[in-house]
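Every chain is numbered from 1, with letters handed out A, B, ... down the list of sequences.
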Protein chains: 4
Amino acid sequence: MISVGIVGATGYTGVELLRLLADHPEVQIRAVTSRGDAGTPVAGMFPSLRGRVDLDFVDPAQARLDECDAVFFATPHGVAHAMAGPLLDAGVRVIDLSADFRLRDAELWARWYGQPHGAPQWLGEAVYGLPELNRERIRSARLLAVPGCYPTAVSLGLLPLLQAGAIDPDDIIADAKSGVSGAGRKAQVGGLFAEVGENFKAYASAGHRHWPEIRQTLDEVAGRPVGLVFQPHLVPMIRGIHATLYLRPAGGATDFQALFDAFYRDEPFVDVLAPGAHPETASVRGTNVCRIALAQPVESGRLVVLSVIDNLVKGASGQAVQGMNLMFGFPEGTGLGAAPVFP
Amino acid sequence: MISVGIVGATGYTGVELLRLLADHPEVQIRAVTSRGDAGTPVAGMFPSLRGRVDLDFVDPAQARLDECDAVFFATPHGVAHAMAGPLLDAGVRVIDLSADFRLRDAELWARWYGQPHGAPQWLGEAVYGLPELNRERIRSARLLAVPGCYPTAVSLGLLPLLQAGAIDPDDIIADAKSGVSGAGRKAQVGGLFAEVGENFKAYASAGHRHWPEIRQTLDEVAGRPVGLVFQPHLVPMIRGIHATLYLRPAGGATDFQALFDAFYRDEPFVDVLAPGAHPETASVRGTNVCRIALAQPVESGRLVVLSVIDNLVKGASGQAVQGMNLMFGFPEGTGLGAAPVFP
Amino acid sequence: MISVGIVGATGYTGVELLRLLADHPEVQIRAVTSRGDAGTPVAGMFPSLRGRVDLDFVDPAQARLDECDAVFFATPHGVAHAMAGPLLDAGVRVIDLSADFRLRDAELWARWYGQPHGAPQWLGEAVYGLPELNRERIRSARLLAVPGCYPTAVSLGLLPLLQAGAIDPDDIIADAKSGVSGAGRKAQVGGLFAEVGENFKAYASAGHRHWPEIRQTLDEVAGRPVGLVFQPHLVPMIRGIHATLYLRPAGGATDFQALFDAFYRDEPFVDVLAPGAHPETASVRGTNVCRIALAQPVESGRLVVLSVIDNLVKGASGQAVQGMNLMFGFPEGTGLGAAPVFP
Amino acid sequence: MISVGIVGATGYTGVELLRLLADHPEVQIRAVTSRGDAGTPVAGMFPSLRGRVDLDFVDPAQARLDECDAVFFATPHGVAHAMAGPLLDAGVRVIDLSADFRLRDAELWARWYGQPHGAPQWLGEAVYGLPELNRERIRSARLLAVPGCYPTAVSLGLLPLLQAGAIDPDDIIADAKSGVSGAGRKAQVGGLFAEVGENFKAYASAGHRHWPEIRQTLDEVAGRPVGLVFQPHLVPMIRGIHATLYLRPAGGATDFQALFDAFYRDEPFVDVLAPGAHPETASVRGTNVCRIALAQPVESGRLVVLSVIDNLVKGASGQAVQGMNLMFGFPEGTGLGAAPVFP
């Protein structure tokens with residue numbers, strides 16, 4: 001049994017983390033912090049947690065986070081930069097769901113996030129928390145950088161191919177679609193039901209912050225810089241990411257289906273569908289599962305990979321718990337076993 | 001004032017056609033046919049038409065369609081094959097919203113639609129009803145093949161580029177997303193709210209019938225066979241198509257924005273947005289407008305075209321009315337002037 | 001042709017008013033004001049208006065509203081209080097979509113809106129703009145108080161009954177359901193897609209500001225204070241109000257269907273359905289129509305009235321235009337003729 | 001550990017039952033039957049169950065259901081009539097989610113379901129499976145009639161009041177709203193996304209089959225026939241029921257909040273909110289919880305009860321599992337502990 005704190009749990013990744021941790025048999029939630037809502041019962045803000053989380057939000061300064069075994073950050077960027085160091089110094093493991101420690105290059109981070117990197121001295125400690133890529137390094141991590149939602153869906157669709165050299169690394173197109181919870185729980189006109197409902201659009205075509213994050217992973221796996229186009233879109237649904245990847249086979253005839261089947265055979269949270277299937281976001285709703293299917297369009301010479309996750313689970317809080325399980329030696333799937341709620 | 005008949009108006013393109021034609025100042029709806037619902041008031045099936053369409057569905061055999069000036073088909077494929085010939089022989093103009101006369105090659109049609117082409121002798125008469133491509137030929141058409149919804153959104157995003165030779169015609173990727181009304185008004189589990197809502201998926205990755213239709217248009221414009229990947233997806237909304245096109249510039253430096261601005265300057269129903277904009281399907285809801293924007297993703301060397309339409313209007317019934325206006329010499333936008341309903 | 005100004009057109013009733021007025025053959029929009037967005041093109045904020053409204057938002061102080069024939073207020077409460085007087089003094093007709101002049105009792109207004117009434121001296125001029133109740137008074141009104149959305153749906157379902165004395169006025173229950181555009185275009189967490197989607201709840205059970213407004217109308221028609229329970233609910237859709245009214249017949253046997261049919265026979269925007277029908281909000285989407293049906297539940301002795309409107313049209317901007325038409329002697333339905341967009 | 005069979009698991013209550021039973025620690029699913037889909041993998045029809053249910057649908061005739069400890073029916077009405085008898089004779093406990101054994105009066109059943117009751121001889125065995133009303137009888141039941149979704153939401157909002165004699169039993173109005181999964185997984189136009197989305201309507205105002213079921217419960221608790229109006233509505237969401245109950249206090253001053261708090265204090269699945277709260281269907285999504293709040297509208301003399309459940313869990317499959325737990329002596333909440341998925 002470990003004791004954990006959560007910094008900034010008033011957003012959607014926060015409430016999702018609380019849902020998962022409240023039922024986790026090896027975890028006791030010690031403190032849930034919020035500067036603005038200190039004193040408010042957590043279950044008052046999130047009625048879905050009534051009877052499950054019996055804590056009030058507490059000011060971070062009062063939370064004695066340094067007495068926790070692990071602290072999660074579900075915060076806007078910059079906060080973990082400021083707070084992670086002292087916790088790490090105190091021997092607390094830090095699991096950061098924000099983007100603060102995802103990019104290994106502080107300059108690159110500063111360019112994409114529009115402010116100086118606040119803790120470059122800790123970058124060497126940070127482990128990128130994609131278990132399918134970094135499982136062993138995660139086990140011994142002190143500072144875990146939980147991957148972004150798009151990078152998770154896209155990277156899982158590409159790992160087997162890049163590792164096998166089975167596609168042209170210079171020609172990767174990732175057309176991604178996300179439910180609106182990915183934009184967070186900020187009060188903003190662009191997220192209103194009347195704006196987003198019955199509507200579909202692309203966004204960030206000039207460049208999205210997940211582009212350098214995805215590239216960092218792909219470059220590493222490919223062993224060279226890849227060429228990546230990444231275009232996100234907003235779907236009128238709450239949860240779910242669907243990545244459609246357009247790739248050019250390379251390196252001779254490959255049985256792509258067999259490649260994926262073998263690569264993910266022992267992965268607890270990646271499910272490769274049969275040829276001809278189309279994974280649906282609803283089939284992973286509320287769970288840590290990524291489902292993948294392959295297609296080869298007629299007369300195209302292209303390979304298409306379809307990859308779906310729940311952006312709040314495998315794309316955020318579930319993957320954070322999976323990482324925590326690895327870091328503390330719990331069975332990897334602990335607390336992540338609930339079935340998808342369908343319909 | 002012309003008199004028109006509508007065959008098969010019990011689906012979504014049918015009711016949309018009725019909405020548009022009921023308010024069209026130059027049209028009188030003479031007959032609305034349905035084999036299964038003959039005798040039922042049209043406004044009984046579609047309460048939105050109460051007070052606007054005061055007709056009963058009538059059996060096609062009773063409808064005296066040969067006395068109409070024009071007959072629209074909003075039918076499953078095969079019906080227009082069987083019924084168009086006698087009408088054309090009687091001097092009636094035929095405006096077919098189905099796929100029956102879209103492909104010029106009867107063999108190709110048979111392969112994709114799984115049955116022999118029922119009226120190959122009329123293919124020479126058929127004009128593909130995309131005004132931005134074929135305006136003059138539409139004016140004198142006797143048999144109009146109204147384009148499919150995806151082909152409209154995709155083709156309008158490519159015409160300027162292919163005509164200018166500004167992209168590599170061998171490397172065209174069209175990732176398309178459609179609201180569910182595109183699947184029609186058939187009773188089927190896959191279209192239920194509880195299946196489609198809060199869900200996103202690709203479909204038809206083995207090949208969609210709109211692929212050969214799009215190719216036919218692009219091949220013609222490019223003057224050679226193009227390489228096209230076309231992957232459709234289903235969006236949990238009622239109306240709207242968003243096509244995201246990934247293209248490789250070719251033929252030297254091009255000011256793509258200027259190219260599109262010039263190409264569509266005088267088009268009444270194509271609206272090119274400023275650089276950096278993202279067209280939204282909600283901004284064209286209920287209207288015949290296609291909105292297009294361009295983007296050039298960072299470090300990619302690619303051009304991305306974003307194109308949105310309302311699948312039931314510019315993607316079906318509105319484009320049919322636009323074609324009818326051209327065929328009968330009415331101002332092209334007659335009856336198509338209503339503003340988008342937003343939100 | 002009249003010239004109009006719109007104060008506060010950055011919300012949903014504002015954009016809806018712009019949609020309707022931009023196509024109105026007797027209206028020229030002279031100025032659209034916004035303090036915060038002065039200088040922004042209207043069609044930049046609302047892409048649905050591209051090519052239709054070619055104006056920038058202008059600061060109210062610069063707008064020369066006193067030179068308009070009519071000025072619409074689509075503002076939070078209090079604004080029309082402050083601005084209406086000088087306009088009226090200048091001979092401008094004021095059409096107020098806010099609640100500022102709906103209640104005839106300034107004390108009551110102050111109690112429900114939490115601030116003193118800012119223009120009690122103008123209350124005597126204000127005409128409550130429900131044409132089905134006040135058509136003649138509206139024709140000569142200088143200051144029109146456009147009814148709220150719920151009051152419109154509820155009142156239209158009760159007028160025939162109260163006027164005929166056919167129900168017990170002490171026992172009126174109005175269970176009302178609204179799409180989320182009714183909450184306006186404010187940035188607030190409670191309106192986010194992820195909060196409102198796939199969710200249903202009641203709100204304001206302690207008392208909603210439309211309760212005294214509805215009561216004022218019903219009291220007037222009944223000629224005595226009525227007993228009214230009014231409970232609103234939030235529906236995960238953008239547009240539409242559905243009121244379900246539970247009533248106790250009184251005063252002897254009444255043919256309720258005949259009563260409604262006769263009462264609304266000549267009303268251009270109220271449509272009484274046949275017995276057994278259930279009006280759907282989708283059947284009035286985008287239009288100024290109210291559809292009503294009656295039911296008498298088994299073994300209950302109760303009468304149930306079902307009443308639907310589009311909250312942004314008959315519940316706000318459409319009714320405002322209907323009122324303007326009456327005030328300026330235009331045919332009552334001018335500019336309100338577009339058909340519902342379905343599906 | 002018991003072994004169970006499920007008859008008719010191809011609908012939404014079926015897949016929900018599979019979700020719950022697959023994770024239930026005391027249950028082994030032995031057979032899942034379907035006449036039409038025998039031979040199909042269950043997880044092929046429901047991808048959400050991949051890796052969780054490794055069974056094929058089997059024809060009921062082949063299923064050896066008589067060797068199960070319990071058999072669930074998630075079937076259209078009439079099926080359990082035909083199949084329950086032999087199972088009961090064989091000592092199998094029957095848990096029927098259909099309406100077949102809910103009404104104690106076979107005549108009444110025949111009138112509302114339009115066919116003769118097929119097993120009146122078993123009505124004496126049937127126990128109505130609402131644990132908050134019948135817990136002790138359920139423990140020893142051989143044949144459990146799981147309540148309908150509306151009856152659960154409505155009855156739980158009324159039990160404390162009727163038992164205490166705190167309301168007028170002649171004047172009960174239940175305005176109920178349901179997500180569309182309540183209509184089942186039948187292919188029908190009325191359930192299509194394009195029909196149901198962005199739409200709200202009442203239905204069955206001439207009388208709904210849940211009316212006699214609710215009345216049976218209320219009559220029993222009140223000890224006399226009650227007067228009930230029950231009007232259901234369809235909400236554009238997948239899951240959730242919200243009942244709004246309008247009641248007339250009787251029998252002197254009552255502290256309604258205290259009454260509900262006391263009545264449900266020890267109930268594991270009923271959560272009474274604080275005064276002023278509004279329960280949301282999203283707060284119970286995927287769980288067996290009913291949340292209730294009370295309100296007393298201004299100047300009305302009425303009491304309003306707001307009651308929400310997930311129609312597929314507490315309104316169907318969850319309540320069935322709760323009943324099974326009681327029948328087999330498992331802790332009542334076994335397998336029902338997962339937290340609501342929000343957002």
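Using a 4.5 Å cut-off between heavy atoms, B:Val189 touches chain D through backbone and side chain atoms alike.
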Across chain B and chain D, what donor-acceptor pairs are shorter than 3.5 angstrom?
from, atom 1, to, atom 2, distance (Å)
B:Tyr12, OH, D:Glu195, OE2, 2.6
B:Arg185, NE, D:Glu195, OE2, 2.9
B:Gly191, O, D:Phe193, N, 2.9
B:Phe193, N, D:Gly191, O, 2.9
B:Glu195, OE2, D:Tyr12, OH, 2.6
B:Glu195, OE2, D:Arg185, NE, 2.9

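Residue with the most contacts toward chain D among B:Ala183, B:Gly190, B:Ala187: B:Ala187 (heavy-atom pairs, distance under 4.5 Å).
Legend: salt bridge (Lys or Arg N to Asp or Glu O under 4.0 Å) pairs involving residues 38-47 of chain D, not counting sequence neighbours: none detected.
Within the model, atoms CZ of D:Phe193 and CD1 of B:Ile238 stand 6.0 Å from one another, a figure rounded to the nearest 0.5 Å.
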